[in-house]
Amino acid sequence: MNAIVNNNAAGLLGRADALATPAWAAETRAAGIAALRAHGLPTRRAEAFRYTDLAQVAQASFGENSPMGARGLGMPSLPLTRGAARLVFVDGVLRGDLSSLPPRPLSDAQALLGGLTSLPTQPIAAMNAALFEDGLFLDVPEGEDAGLVELVCVVTGARGAIGFHPRHVLRLGRRAKLTLLDTSDGAAGLAYLHNPVFEISLDEGAELAHVRIQREGRAAFHLSSVHCAIAAGATYDNFTLNAGGRLARNEIHAALNGPKAMCHMNGAQLVGDGQHADTTTVLHHAAPDCGSRQTYKTVLTGKSRGVFQGKILVSKPAQRTDGYQMNQALLLSEEAEMDSKPQLEIYADDVKCSHGATVGALDPAQLFYLRSRGIPQQAARSMLVEAFLTEATEGVGDEACRAALSEAVTAWWAQERA
Amino acid sequence: MLRIEGLTAEIDGKAILRGIDLEVPSGELHAIMGPNGSGKSTLSYVLSGREGYEITGGSVTFNGVDLLAMEPEERAAAGVFLAFQYPVELPGVGNANFLRTALNAQRRHRGENEVDAMQFLKLARARMKELSMPEDMLKRGVNVGFSGGEKKRNEVLQMALLSPKLAILDETDSGLDIDALKIVSEGVNALRSPAFSALIITHYQRLLDYIVPDRVHVLMAGRIVKSGGPELALALEASGYASVAA
Ligand SMILES: Nc1ncnc2c1ncn2[C@@H]1O[C@H](COP(=O)(O)OP(=O)(O)OP(=O)(O)O)[C@@H](O)[C@H]1O
Ligand SMILES: [Mg+2]
């Protein structure tokens with residue numbers, strides 16, 4: 001094959017070529033490589049990446065044992081939730097000894113692989129397709145409640161600044177239920193890449209609560225993409241807390257494919273000095289009588305940048321769609337910047353769709369009110385930041401997940417204040 | 001307790017307080033009356049430490065210490081409490097959490113033990129009962145969706161829980177119905193002690209029937225133009241501010 005001049009994904013492609021690819025993964029891999037060859041990684045000239053430049057990712061090299069200046073991360077205290085089934089990846093390797101869920105091989109998911117992605121226009125998914133090796137496969141049978149499952153991904157630095165591209169596949173049968181708590185942690189100062197892709201199919205009446213906690217090391221890249229197909233009467237409920245990484249982008253592509261399906265996408269981006277966080281959602285209302293709710297909150301400190309792009313597409317058959325999108329940012333420093341791009345594309349005529357965006361600083365009147373009651377300035381600020389985030393977090397139903405979220409928020413804020 | 005001497009302050013270069021002299025001894029309640037825009041709320045904000053005011057002259061001492069040098073939270077811990085003319089809404093901050101955080105912050109500052117959630121609930125419930133406030137107001141966001149009168153009552157609840165040494169009530173009577181006016185007045189009277197003083201800003205003589213002040217001051221265009229006993233309020237009610245200005 002001809003070497004493509006100027007393809008900024010050459011490093012990634014080199015790694016992909018070197019991978020041994022089993023037959024069940026061949027088609028997906030080939031499609032990923034083809035997409036990367038053809039398009040490379042997007043620059044800011046690409047509309048979908050106007051605010052987030054992946055050039056840094058293209059320039060970095062992953063997979064080398066060069067943790068210069070990295071502070072190794074010990075194994076985190078894993079018993080997050082007692083009794084929950086758990087799948088643990090450490091430095092990109094599935095650790096059976098730390099997991100309590102008998103893993104089904106990803107090869108069993110072959111029929112589902114790549115069915116929900118559209119690689120030429122989804123470079124994050126393409127990168128994963130070109131480089132994935134393993135991942136979680138969960139197939140919850142009809143009517144079953146699988147309870148809480150934890151997916152734990154930790155990069156300790158023991159194998160250096162790795163590129164880690166897990167492909168996670170979930171299928172919930174009719175009326176099946178699952179709560180997935182998915183956490184990403186990593187060593188500080190280590191410029192690794194975590195590039196997870198989720199392919200999720202929900203059959204009629206299924207309910208998936210998917211809580212993501214992203215607190216990678218501050219030098220890391222986190223590029224994730226969730227692809228979810230929601231059948232009639234099913235519910236996908238995503239909450240993403242984005243707190244770590246130097247550059248993070250979380251994409252969610254969800255399609256409401258059958259009547260009375262529901263999609264909640266909520267999240268909080270906590271963005272500190274030197275960080276860049278991007279949430280991009282693409283929601284397709286393809287069937288009638290579906291609802292969607294999105295509430296995203298971004299808190300920015302120091303010299304940082306937050307991005308929210310939210311597209312809602314309502315196709316012609318999707319009558320009586322009830323859609324709502326709200327995106328709010330709190331700027332705690334003058335050097336912080338927020339870019340928001342809501343986008344509604346509506347082809348049905350009987351539709352209720354609202355969206356809104358606000359960007360602002362802490363309200364001095366509120367701050368003074370708290371201080372006038374004896375609450376010190378820092379504590380008052382914390383209370384207001386927490387209050388700002390509450391509206392997004394209060395919707396998380398699972399108690400263990402809510403506790404994990406509030407712990408992550410508290411930890412981030414403590415670090416920011418230090 | 002509170003001594004204000006020659007206090008001048010401006011906002012955006014505009015002089016609002018133009019030389020205020022006022023002394024409130026321990027144990028006394030003083031009323032301040034005055035036309036709209038005369039600087040009453042400005043005075044109360046300056047005393048409690050709100051930003052945005054340029055103090056251009058004068059001094060304020062509180063029990064002998066320089067009040068103007070202190071942060072708002074330090075003033076609160078020292079015992080200064082302002083009941084806001086327009087209480088601020090805090091969506092997402094639960095009223096109970098807010099009240100307990102405030103109480104404990106002040107107690108910590110004074111080296112006292114913090115109260116735990118159970119002790120606090122007991123305290124708050126007792127005070128709320130006295131103020132005829134429904135208990136569910138503890139669960140709601142601070143002042144969020146409260147009616148005008150409920151917000152004022154919530155201010156008085158905070159005062160009752162924080163038991164300040166100096167309470168500044170900025171038109172706490174405005175917007176209260178007759179029953180609430182009595183309840184709130186009882187709340188203030190209950191705090192009366194040789195160690196408690198209050199500055200009561202009001203437009204209505206009626207409040208002063210319930211809370212009988214030791215002194216009444218008239219503030220006009222940023223200055224105290226007249227002071228007297230409770231009878232001054234009655235005279236103002238009868239003939240308006242013009243008579244004082246003359
Ligand atoms: N932020 C501000 N910028 C400019 N002028 C201000 C500001 N705040 C207050 N003022 C002015 O200061 C003056 C005094 O206002 P203040 O609120 O203290 O009056 P007040 O005596 O409390 O009136 P009221 O009886 O209506 O409550 C008014 O003329 C007001 O317009
Ligand atoms: Mg006023």
Side-chain angles (χ1 to χ4, degrees), chain A residues 239 241 266-270 295-299 326-332 334 356-396 402-403 405-406 409-410 413-414 417, chain B residues 44-53 70-95 97-110 112 114 141-144 151 154-155 157-159 161-164 166-168 170:
Chain A
F239 185 95
L241 177 74
N266 298 316
Q269 304 192 99
L270 313 178
T295 304
Y296 283 94
K297 303 265 184 167
T298 303
V299 178
M326 177 54 84
N327 135 58
Q328 297 180 302
L330 185 56
L331 301 176
L332 297 179
E334 285 179 3
T358 64
V359 179
L362 283 178
D363 180 351
Q366 294 184 334
L367 208 50
F368 174 64
Y369 192 65
L370 289 167
R371 295 179 72 194
S372 78
R373 296 317 185 228
I375 300 171
Q377 163 127 297
Q378 281 293 0
R381 285 167 65 93
S382 302
M383 282 178 88
L384 293 178
V385 170
E386 209 175 290
F388 172 76
L389 295 172
T390 294
E391 204 190 329
T393 54
E394 68 190 355
V396 175
R402 248 199 341 261
L405 282 173
S406 102
V409 171
T410 307
W413 182 241
R417 283 173 48 170
Chain B
S44 65
Y45 285 141
V46 166
L47 292 178
S48 49
R50 185 169 159 154
E51 282 170 18
Y53 301 92
M70 297 161 83
E71 296 293 330
E73 54 268 36
E74 294 171 337
R75 301 183 198 200
V80 176
F81 178 88
L82 167 64
F84 284 57
Q85 181 175 4
Y86 304 108
V88 178
E89 296 189 8
L90 305 175
V93 180
N95 210 18
N97 176 34
F98 163 66
L99 293 167
R100 189 157 81 90
T101 306
L103 181 60
N104 281 334
Q106 295 200 15
R107 293 180 68 96
R108 208 165 36 237
H109 197 273
R110 293 192 295 255
E112 298 164 13
E114 295 185 21
V142 178
N143 295 324
V144 178
K151 285 181 181 168
N154 203 32
E155 294 293 289
L157 171 64
Q158 292 167 48
M159 181 180 73
L161 281 169
L162 298 173
S163 43
L166 172 70
I168 304 162
D170 191 356

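Worth saying up front: this structure is predicted, and the values here are computed from it rather than measured. In what follows, every chain begins at residue 1, and chains take the letters A, B, ... in the order their sequences are listed.
- At a threshold of 4.0 Å, the pair Glu74(B)-Arg371(A) does not count as salt-bridged, since none of the basic side-chain nitrogens sits closer than that to a carboxylate oxygen.
- Looking at Met70(B) and Val80(B), their side chains never come closer than 4.5 Å, going by heavy atoms from C-beta outward.
- Chain B forms the most heavy-atom pairs under 4.5 Å with one residue out of Asp363(A), Leu367(A), Leu384(A), Ile375(A), and that residue is Ile375(A).
- Comparing Gly92(B), Gly49(B), Ala105(B), Pro72(B) by heavy-atom pairs within less than 4.5 Å of chain A, the highest count is held by Pro72(B).
- Using a 4.5 Å cut-off between heavy atoms, Leu389(A) does not touch chain B at all.
- Looking at Gln366(A), both its backbone and its side chain come within 4.5 Å of chain B, counting heavy atoms on both sides.
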- request: Give the C-alpha distance, both sets of side-chain angles, the deciding distance and a yes or no for side chain to side chain contact (heavy atoms under 4.5 Å, CB included) between Glu51(B) and Phe368(A).
  value: CA-CA 8 Å; Glu51(B) 282 170 18; Phe368(A) 174 64; over 6 Å; no
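- Between Leu82(B) and Leu47(B), every side-chain heavy-atom pair lies at or beyond the 4.5 Å cut-off.
- Proximity to chain B (any heavy atom under 4.5 Å) is shown, for Glu386(A), by neither the backbone nor the side chain.
- The greatest number of non-hydrogen atom pairs below 4.5 Å with chain A, out of Pro87(B), Ala76(B), Gly94(B), Pro164(B), is found for Ala76(B).
- Arg107(B) places no side-chain N or O within 3.5 Å of a backbone atom of Glu114(B) that could act as its donor or acceptor partner.
- Looking at Leu90(B), both its backbone and its side chain come within 4.5 Å of chain A, counting heavy atoms on both sides.
- Between Phe84(B) and Tyr369(A), the ring planes are perpendicular. Angles over 60° get that label, and only those under 30° would be called parallel.
- Residue Glu89(B) touches chain A through its backbone alone, counting heavy-atom pairs closer than 4.5 Å.
- When heavy atoms are compared at a cutoff of 4.5 Å, Arg75(B) does not approach chain A at all.
- Under a cut-off of 6.0 angstrom, the local environment of CD in Glu334(A) is sparse, with at most 12 non-hydrogen atoms contributed by other residues, nucleotides or ligands.
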